[in-house]
Structures are given as C-alpha cells and as structure tokens.
Trainee: 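A single structure is presented below for examination.
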Amino acid sequence: MADIARIDRPPRISKDAASLRPKPHLLDRAAIRETFRWSDARRQLAGMTNNGLNIGAEAADRHAHGTRADHPAIIWLGVDGARQVITYAELHRRSNRFANAITSLGLKRGDRLFLLAPRIPALYVAALGALKAGVVVSPLFSAFGPEPIATRMNLGGGRALLTTAALYARKVAPVHGQIATLEHVLLAGGAGDAPLPPGGHDLDALLSQAAEDFATVATRPDEMALLHFTSGTTGKPKGALHVHEAVVAHYATGLYALDLHPEDVFWCTADPGWVTGMSYGIVAPLVHGVTMIVDEAEFDPQRWYRILQDEQVTVWYTAPTAIRMLMKAGAEVASEFRFEQLRFIASVGEPLNPQAVWWGQDIFGLPIHDNWWQTETGGIMIANTVAQDIKPGSMGLPLPGIEAFVVQRRNGGVDVVEKPDTEGELALRAGWPSMFRGYLNDDERYRKCFVGDLYLTGDLVKCDADGYYWFVGRADDVIKSAGHLIGPFEVESALMEHPAVAEAGVIGKPDPVLGETVKAFVSLKPGFSESDELRRELLGHARKRLGPSVAPKEIDFARSLPRTRSGKIMRRLLKARELGLPEGDTSTLEADK
Ligand code: ATP
Ligand code: MG
C-alpha cells in the first residue's frame with residue numbers, strides 16, 4: 001500500500017505576527033474591523049473634483065508624479081524571453097495616449113470596449129486608458145473561441161475591441177458580421193501583412209499620434225466601469241456590472257488581504273480575462289504603487305519557479321488549479337530554485353485543500369493563504385491573512401468592512417444561523433464598494449440574489465466558533481445522500497491526501513434508495529497507473545477518512561478533469577457526462593491538454 005501523505009498535521013498554523021516584516025497592515029484584525037469605515041478608505045485615494053472617482057486614474061496616475069514616478073509599475077515577461085519595465089510615469093503617459101486615441105475615434109463615456117489579447121503591455125495600457133476616458137471595459141479571455149466572443153460582445157453591446165491581428169483573424173473575423181454594435185477594431189502591433197479589417201485601426205500608429213496629456217473623465221463613483229463575465233462553472237456565464245468605486249475595495253483588500261507594501265514585487269497569475277486578473281492583476285497592485293509581474297506565457301512549472309526566483313517576487317497570488325499542477329510536477333522541480341524574497345502566498349478561485357496549504361509550507365517555507373470571493377463581489381471578502389493563524393482547509397475570516405453570515409432560506413426570507421459549525425449559505429451585508437450592481441440584461445436574477453440587505457452568494461459554508469469560514473460546496477453541487485448533505489470539497493480533499501491523487505472531482509449520482517450516491521473522478525500523479533487495486537485502495541482510504549456514508553461508492557479514473565479556463569473543476573460537466581445529459585454552456589471549458 002502506498003504511503004499516505006502526512007495527513008495528520010496540526011489543525012492550525014500559528015503565526016508569530018509581531019515578528020513579521022514588513023509590519024502587517026492587518027496586525028490587529030479585531031481593532032481594525034472595529035474602526036474600519038469604507039468612507040475612510042475612500043479618502044486614502046486621490047479622488048477627483050465634484051466627488052468623482054475613476055479606477056483608471058487611481059491605478060495609472062496616483063504614483064506617476066513625484067518620488068514614485070520612476071518606480072517600475074509593470075515588469076513584463078514575454079513568451080520569447082523579452083523583459084520590459086514600464087514605470088509609473090510611463091504607464092501614465094501610455095494610458096493617456098490610449099484615452100486620447102479612443103476619444104479621437106469618437107468613443108464616449110459609457111461606451112463599451114472589449115479586450116481580447118494575450119497578456120501584452122497594450123492590454124494593460126488599454127484597460128487603464130479606457131477607464132480614464134469613462135469607457136466601460138469588458139475583458140475576454142484570449143483563449144475563447146469565436147462564438148463565446150460574439151455572444152459576450154453582443155450581450156455587452158461592444159462598440160470597440162482591442163485585439164491583435166492574429167487573434168482577430170482566428171477568432172473575430174469568422175463572427176465579425178454577427179456583432180452588430182462593433183465599430184472599431186484596434187490592433188495592437190498593427191495589422192501585419194493582412195489588410196485592416198472593417199473598422200480596423202493600427203493601434204500603434206494611433207498611439208504615436210496621440211497626445212500624452214489627458215484630463216480623466218470625472219466619473220461618478222456609482223458609474224459603470226467594468227463588465228465581467230463569471231466563469232460559467234455552474235451554468236451559462238453571467239455578466240456582472242461593476243462601478244468605479246470598486247477601486248476603494250481593491251485598495252482596502254490590497255492592504256488587508258494581500259498586505260501590499262510599497263517595495264513589494266507582486267505577481268498575480270490570473271489572466272485579466274477573469275475578474276481576479278483585473279482586480280488584482282491590474283488595479284490593486286497599481287493603486288498601491290508596487291511592482292507587478294506580468295507573464296505572457298502559459299503555465300509551466302519551471303518557468304513559474306524561475307520567475308518567482310529571478311524577479312524576486314515577494315507576494316504571490318495564484319489559484320488552486322496552478323498549485324495542484326505544481327504539486328503534480330513534483331518537489332524536485334522546485335528544489336532547483338530559491339525563494340528567499342517570497343513572504344506571502346495567497347490563492348483564490350476554488351477551495352484549497354489542506355494538502356495544498358501544507359505543500360506551500362514544505363516547498364516555500366510559507367503556507368498558502370486561501371481567500372474567497374466571486375465575480376459578483378468584485379474583490380476579496382474572506383481571507384487568511386498574513387498575521388492571523390491559518391486553519392488549513394478554511395477560507396479564513398471576513399475582512400475589515402465585510403459582514404458575513406451563514407443563513408438558511410425559509411419562506412422567501414432567511415434565518416441567520418448563529419450556531420457554529422452549522423451549514424448554510426454564505427451571505428454578505430450589501431454595501432461594500434466593489435459589489436456588483438447588476439447582471440447584464442437580467443434584473444430579475446440580480447434581485448433574487450438579495451434578501452433585505454443581505455446578498456446571498458450561492459455558496460454553502462460553515463463558520464466555526466473562532467469565526468473561520470469553511471467552504472462546503474456550491475449550492476448546486478452539494479450532494480444529498482441518505483439524509484446527509486455532503487460537500488464535494490470534503491470528499492475531494494480526503495482523496496487528495498492519497499499520494500497517487502493529483503486531482504479529484506466529486507458528484508452526486510441519482511439513486512432510487514439513497515437519493516444520491518457519491519461518485520468521484522480522480523486523475524493520478526505521474527508514476528501511478530490506473531488499476532483495480534488502486535481503485536480499491538482509494539475507496540478504502542476515503543472510507544477510513546470520511547466514514548461510509550460520506551465516502552464515494554464509486555471511483556473512476558480520468559486523465560484530466562474538465563475545467564473552466566480560469567481553472568475550476570466543472571462538476572456539472574462530470575455529472576452531465578456521467579448521466580448522459582446535455583452538457584449545457586461549455587464556452588468557458590478549457591480544451592483538454
Ligand atoms: P458561474 O457563476 O458562472 O457558475 P463561478 O461561480 O465559478 O462561475 P467566479 O465568480 O469566477 O465564477 O467564481 C466564484 C466562485 O468560485 C465562488 O462563488 C465559489 O464557489 C468559488 N470560489 C472562489 N474562491 C473560493 C475559495 N477560496 N474556496 C472555495 N470556493 C471558492
Ligand atoms: Mg458564480
């Protein structure tokens with residue numbers, strides 16, 4: 001029998017908070033939560049005349065003058081080995097040029113610009129410049145196919161698109177005629193050998209003619225700034241509308257969840273096509289004036305470890321899927337590198353198995369800090385933070401300014417659950433600045449998310465006696481078996497403790513007697529092969545860890561699990577395939593590698 005990995009680690013990772021350097025912003029969590037006011041956080045930002053507030057200006061301009069002007073804002077690493085440093089002064093000028101360029105094309109406040117580009121500097125400049133011009137930005141993931149692009153641009157009424165000639169040819173040209181609102185196509189790097197498409201412009205030429213000064217549009221705090229599509233994990237992606245004052249939450253969470261200090265080198269590995277890549281891969285680090293790493297390349301273990309080492313990354317924000325892939329690659333790969341500068345690692349997007357938290361401790365000497373939020377919340381809400389103890393497997397504690405509750409729905413209302421360790425839906429008191437203000441073209445769905453002043457997140461959680469939140473599962477994924485409610489996360493985490501398991505996805509399968517039975521799909525680490533013996537071993541391991549009523553009755557091996565392009569396991573697809581049902585919207589499904 002294979003060695004079971006060290007599953008019986010202590011339930012808590014204690015922090016010696018007073019000795020941490022730099023001094024954590026959230027050292028005294030209780031005191032800060034007590035006195036924290038969003039209005040105070042807002043006053044830390046520059047703001048504008050007439051009470052205006054603009055995300056683009058706070059990010060690109062706040063540090064562009066004075067002592068921070070020459071500080072690197074972006075260190076861009078190209079696929080081919082190129083390295084470009086963009087200072088805050090430069091980012092200010094470039095984003096101004098972009099704002100002038102689109103204004104000269106006739107784009108106005110409230111118009112919508114879609115972004116479809118690899119992680120190249122032009123993408124970052126465009127996002128910031130458009131926001132400064134009052135133009136609403138909607139990022140798309142560059143790996144989307146033509147149909148998802150057309151659908152989202154039509155839904156969002158995209159008037160302009162920033163892309164590259166190569167992406168245009170492959171992804172937009174086939175559907176251009178279907179996007180009725182599209183007037184301008186801005187090609188970063190020009191059109192190359194191809195003719196310009198209808199409404200096409202060579203962005204580089206436009207920028208070279210544009211002025212470096214631009215008076216930012218004095219957008220209202222509650223004016224629409226960003227349109228983000230959700231990951232599509234549970235169904236058709238929804239368009240979440242966000243406003244300029246979201247930047248207040250990006251700023252405050254940059255302080256308290258990510259503990260950003262001016263000399264930090266920060267790397268958020270998320271693509272700006274997703275909300276994480278915008279809120280924390282662009283806005284928060286720039287508002288804080290830190291240096292952020294942008295890597296154009298796709299995931300590769302060696303490359304990632306090298307970036308952490310060579311760029312001397314201090315704060316790293318990544319996702320469970322990436323961590324699982326690094327774990328799968330093995331500790332030997334990491335052992336060639338040194339991570340002396342790294343002081344804080346955080347993760348978001350999916351539940352983070354305790355195994356992964358400990359893996360961080362083993363590889364980097366630092367645990368991974370899980371945090372929770374969603375497209376709709378616009379920023380981090382619940383987090384394990386630098387100075388607070390971690391309970392591996394828990395997503396942490398609510399941040400300053402965030403009031404979280406566990407609730408149970410009843411007769412159109414909700415009951416707040418006071419008893420610790422009781423399952424219920426996670427609810428948040430509405431009113432934080434990055435809260436979404438609507439679902440695109442779906443007011444009813446938006447209204448249904450609220451009961452009184454509580455926003456219901458659709459995620460099931462428990463809160464323990466110390467106030468730590470534990471993810472149970474998405475409301476849609478929870479399995480009901482013989483009267484038990486079973487969260488897939490718990491089962492998946494137990495399976496992941498086994499050294500053969502790289503990844504696990506768990507679903508409920510209809511059963512005439514039990515209601516549902518638990519079925520698991522697992523992919524194996526290199527060096528392990530599928531066999532009935534291993535299957536039996538895994539079933540036995542799960543039964544020992546979870547007890548017979550929660551453990552899976554069935555395990556299938558899978559080479560890989562279906563996931564969204566943002567890296568989330570799509571349990572609904574595992575289920576549909578198992579039951580032979582229609583797969584539904586698969587626009588965000590990552591191609592099998
Ligand atoms: P869709 O809403 O289209 O089905 P999605 O919910 O995956 O997709 P996102 O907004 O990108 O779209 O993801 C937010 C969700 O991801 C959360 O509601 C939660 O279910 C999950 N999630 C995020 N962070 C965590 C975490 N730390 N632990 C557990 N789950 C998490
Ligand atoms: Mg969701």
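Atoms within a ligand are numbered from 1 in the order they appear, just like the ligands themselves. The first residue in the sequence is number 1, and the count goes up from there.
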Trainee: Measure T234 to ligand 1 on non-hydrogen atoms and call it side chain, backbone, both or neither using the 4.0 Å cut-off.
Mentor: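 The answer is both.
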
Trainee: What do you reckon, does W373 put a non-hydrogen atom under 4.0 Å from ligand 1?
Mentor: yes

Trainee: Need the ligand 1 atom indices (1-based, order shown) with element for anything under 4.0 Å from a heavy-atom of K568.
Mentor: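 So the atoms of ligand 1 that pass are 7 (O), 9 (P), 11 (O), 13 (O), 14 (C), 15 (C), 16 (O).
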
Trainee: Which residue from F436, F471, W372 reaches closest to atom 25 (C) of ligand 1 through any of its heavy atoms?
Mentor: W372

Trainee: With nothing but distance in play, are any N or O atoms of N371 less than 3.5 Å from an N or O of ligand 1?
Mentor: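 Between N371 and ligand 1 (N or O atoms, distance only) the closest approach is under 3.5 Å.
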
Trainee: Looking at F229, does the NZ or CZ of R152 lie under 6.0 angstrom from its six-membered ring centre and within 45 degrees of the ring axis?
Mentor: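 Because its charged atom sits under 6.0 Å from the ring centre and within 45° of the axis, R152 does stack over F229.
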
Trainee: Does R437 pair with D222 as a salt bridge, N-O distance under 4.0 Å?
Mentor: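 Salt bridge absent between R437 and D222.
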
Trainee: Check whether any heavy atom of G232 sits under 4.0 Å from an atom of ligand 1.
Mentor: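 G232 counts as a contact of ligand 1 under the 4.0 Å cut-off.
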
Trainee: Any carboxylate oxygen within less than 4.0 angstrom of a Lys/Arg side-chain nitrogen, looking at R571 and E578?
Mentor: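 Salt bridge between R571 and E578, a charged N being under 4.0 Å from a carboxylate O: no.
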
Trainee: If you count the atoms of ligand 1 from 1 in the order shown, which ones are under 4.0 Å from a heavy atom of T233?
Mentor: 1 (P), 3 (O), 4 (O), 5 (P), 7 (O), 8 (O)

Trainee: Which atoms from ligand 1 have a heavy atom of T375 less than 4.0 Å away?
Mentor: 9 (P), 10 (O), 11 (O)

Trainee: Quick one: look up the protein heavy atom nearest atom 19 (C) of ligand 1 and list residue, atom name and how far away it is.
Mentor: D459 OD2, 2.9 Å

Trainee: Tell me: protein heavy atom nearest atom 26 (C) of ligand 1, and distance?
Mentor: E350 O, 3.4 Å

Trainee: Do T588 and S231 have a side chain donor and acceptor closer than 3.5 Å?
Mentor: no

Trainee: I'd like to know if K391 pairs up with D370 as an ion pair, taking the criterion as any Lys NZ or Arg NE/NH1/NH2 lying under 4.0 Å from an Asp or Glu carboxylate oxygen.
Mentor: no

Trainee: Under a 3.5 Å threshold, yes or no: a donor from one side chain and an acceptor from the other, between T321 and R563?
Mentor: yes

Trainee: Hey, which atoms in ligand 1 end up nearer than 4.0 Å to a heavy atom of V348?
Mentor: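 The list of qualifying atoms is 24 (N).
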
Trainee: Which protein heavy atom lies closest to atom 2 (O) of ligand 1, and at what distance to 0.1 Å?
Mentor: K238 NZ, 2.9 Å

Trainee: Would you call D362-R9 a salt bridge at under 4.0 Å N-O?
Mentor: yes

Trainee: So is G349 polar-close to ligand 1, meaning N/O to N/O under 3.5 Å?
Mentor: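 G349 vs ligand 1: N/O contact under 3.5 Å present.
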
Trainee: Salt bridge check, K519 against D556: does any charged N sit closer than 4.0 Å to a carboxylate O?
Mentor: yes

Trainee: Pick whichever of R474, R572, Q374 has a heavy atom sitting closest to atom 6 (O) of ligand 1.
Mentor: R474

Trainee: Among all the protein's non-hydrogen atoms, which is closest to atom 29 (C) of ligand 1, and how far away is it?
Mentor: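 Looking at atom 29 (C) of ligand 1, the protein heavy atom closest to it is P351 N, 3.2 Å.
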
Trainee: In a check of ring pair (Phe, Tyr, Trp, His ring centres under 6.0 Å) between W267 and each of Y317, Y305, W304, which one passes?
Mentor: W304

Trainee: So that I can tick it off, tell me whether K480 and E516 are bridged by a salt bridge, with the cut-off set at under 4.0 angstrom between side-chain N and carboxylate O.
Mentor: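 Here E516 does not pair with K480 in a salt bridge, since their nearest N and O are not under 4.0 Å apart.
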
Trainee: What are the atoms of ligand 1, with element, lying closer than 4.0 Å to any heavy atom of T230?
Mentor: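 Going through ligand 1 atom by atom, the ones under 4.0 Å from T230 are 1 (P), 2 (O), 3 (O), 12 (O).
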
Trainee: Below 4.0 angstrom, N of the basic side chain to O of the carboxylate: do E403 and R33 qualify?
Mentor: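 No, no charged N to carboxylate O under 4.0 Å.
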
Trainee: What residue and atom, counting heavy atoms only, is the protein's closest point to atom 11 (O) of ligand 1, and at what distance?
Mentor: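 That would be S231 OG, 2.7 Å.
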
